[in-house]
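Here the structure is laid out as structure tokens; the discussion comes afterwards.
Everything numeric in this text was worked out from a predicted model, so none of it was measured.
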Amino acid sequence: MELDMRAYAARRVAENRPRLAWATMVGEEPGLRPEDWQEILRQNLRMQLKPLNLTVREPLEPVVHETVRLDGYRRETVTFTTRPNLTAFGYLLIPDDCPPNSPAALCLPGHGRGVDSIVGIAEDGSQRGLGEWGEYQADFALQCVARGFPTFALEQISFGHRRDERARKEGPGASSCVRDSMAALTLGECMIGWRVWDAMRAIDYLATRPEVDPKRIAVLGISGGGTTALFTAALDVRVAACVVSGYLNTFADSILAVPHCVDNFAPGILTLCEMPDVAGLIAPRLLFAESGTRDSIFPLHGFEKATRYVRQIFERLRVPENLDREVFENDHVFHGKGAFEFLNRRLRGAVTP
């Protein structure tokens, strides 16, 4: 009789056979078209992540609260409605002399100070200048605008400006993730679904801006932001490119093997698919994934396993060139070198007819 629940759970995960996984369905139905598999899994994921069943989009009613002119760009502080009684917060960064219909970026922070950190705003309110970063930096939204992308940096639920009052009192790096995620689960929903819906509404907002080509929107995220970026790109086909940093892995090797925040969990998802299957829904669109060699919470061996699996799907769809990856020497940080080269090469070339 097994008393160790971790061993019991690990055994259950190892024996689990997700019913809509690529490997499962291709094995059982060798004639199944990849596009049909994608649609089946995409529809089931939408049902699993309950808020994505919302069919009526509330009017965005965006408000620009402040516009600040900075060196090489302007920063607008924006709020908009995502669903009844919920407002999102973010910064829109527009490069100087930005032409209309430019490729754009939606950037999503992970655990930490929230969106301020990825636009270069320090805790004391000072602003990092364009190009003032080392080889590894958290302010990847600022790096996007420095490369000419109109960029929306979205504050995720429970981080930064969207924390509850108790978390604000605990300090700048504290989040309300656990309490908020538990509330979602108690309502039969999950934080992944809540955040993905907000990201979809941010894409709705970007599509209203004359600076943005709605057919060339990239989503970038690190860690918990990588979670939202991956699921958003998988479920919303308007996303032209996705950059996932410090997240793409297998559930078995990451969130089920290492202690993680409860915001990473979606009830029943492993009965449907593994994380690389979610990534496979992005094909034939653009996907770039990166991992640090010393990332202890999304370990390299899981990243290697996941990217090999995803490559099979991209190859079956005859678009292996639309998937790329980079392994770099560091831990759980945003790197971006290969990712920005990939976006410059592939996204900027996808000009709207």
Self-check item: Neighbour count >12 (heavy atoms, 6.0 Å) for atom CZ, Arg12
Solution: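 No, because the 6.0 Å sphere around CZ of Arg12 holds 12 heavy atoms or fewer from other groups.
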Think [X] forms a cation-pi with [Y], using NZ or CZ under 6.0 Å from the six-ring centre and within 45 degrees of its axis?
| X | Y | value |
| --- | --- | --- |
| Arg162 | Phe89 | no |
| Arg348 | Phe149 | yes |
| Arg209 | Phe152 | no |

Practice problem: Not counting sequence neighbours, which residues clear side-chain hydrogen bond (donor to acceptor under 3.5 Å, both in side chains) with Thr79? List them please. | Solution: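 Checked Thr79 against side-chain hydrogen bond (donor to acceptor under 3.5 Å, both in side chains); matches are His65.
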Exercise. Give the ring-plane orientation class for Tyr247 versus Phe298, where under 30° counts as parallel, over 60° as perpendicular and anything between as tilted.
Key: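 Perpendicular: the ring planes of Tyr247 and Phe298 meet at over 60°.
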Check ion pair [X]-[Y] (N to O, under 4.0 angstrom):
| X | Y | result |
| --- | --- | --- |
| Arg346 | Asp324 | no |
| Glu304 | Arg325 | yes |
| Arg74 | Glu211 | yes |

Quiz item: Among His332, His111, His260, whose side chain to side chain donor-acceptor pair (under 3.5 Å) with Ser223 holds?
Solution: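 Running side chain to side chain donor-acceptor pair (under 3.5 Å) over His332, His111, His260 with Ser223 returns exactly one hit, His332.
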In a table with atom names and distances, give each donor-acceptor pair under 3.5 Å that connects a side chain of residues 232-240 to protein atoms at least two apart or in another chain.
{"from": "Thr232", "atom 1": "OG1", "to": "Thr228", "atom 2": "O", "distance (Å)": "2.6"}
{"from": "Asp236", "atom 1": "OD1", "to": "Arg238", "atom 2": "N", "distance (Å)": "3.0"}
{"from": "Asp236", "atom 1": "OD1", "to": "Arg238", "atom 2": "NE", "distance (Å)": "3.0"}
{"from": "Asp236", "atom 1": "OD2", "to": "Arg238", "atom 2": "NE", "distance (Å)": "3.2"}
{"from": "Asp236", "atom 1": "OD2", "to": "Arg238", "atom 2": "NH2", "distance (Å)": "2.7"}
{"from": "Arg238", "atom 1": "NH1", "to": "Asp204", "atom 2": "OD1", "distance (Å)": "2.6"}
{"from": "Arg238", "atom 1": "NH2", "to": "Met200", "atom 2": "O", "distance (Å)": "3.2"}
{"from": "Arg238", "atom 1": "NH2", "to": "Asp204", "atom 2": "OD1", "distance (Å)": "3.2"}

Practice problem: Hydrophobic side-chain clustering at under 4.5 Å (ILVMFWY, transitive links): who's grouped with Met191? Put none if nobody. | Solution: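 Grouped by the 4.5 Å side-chain rule, Leu86, Ile157, Leu187, Trp194 form the rest of the cluster around Met191.
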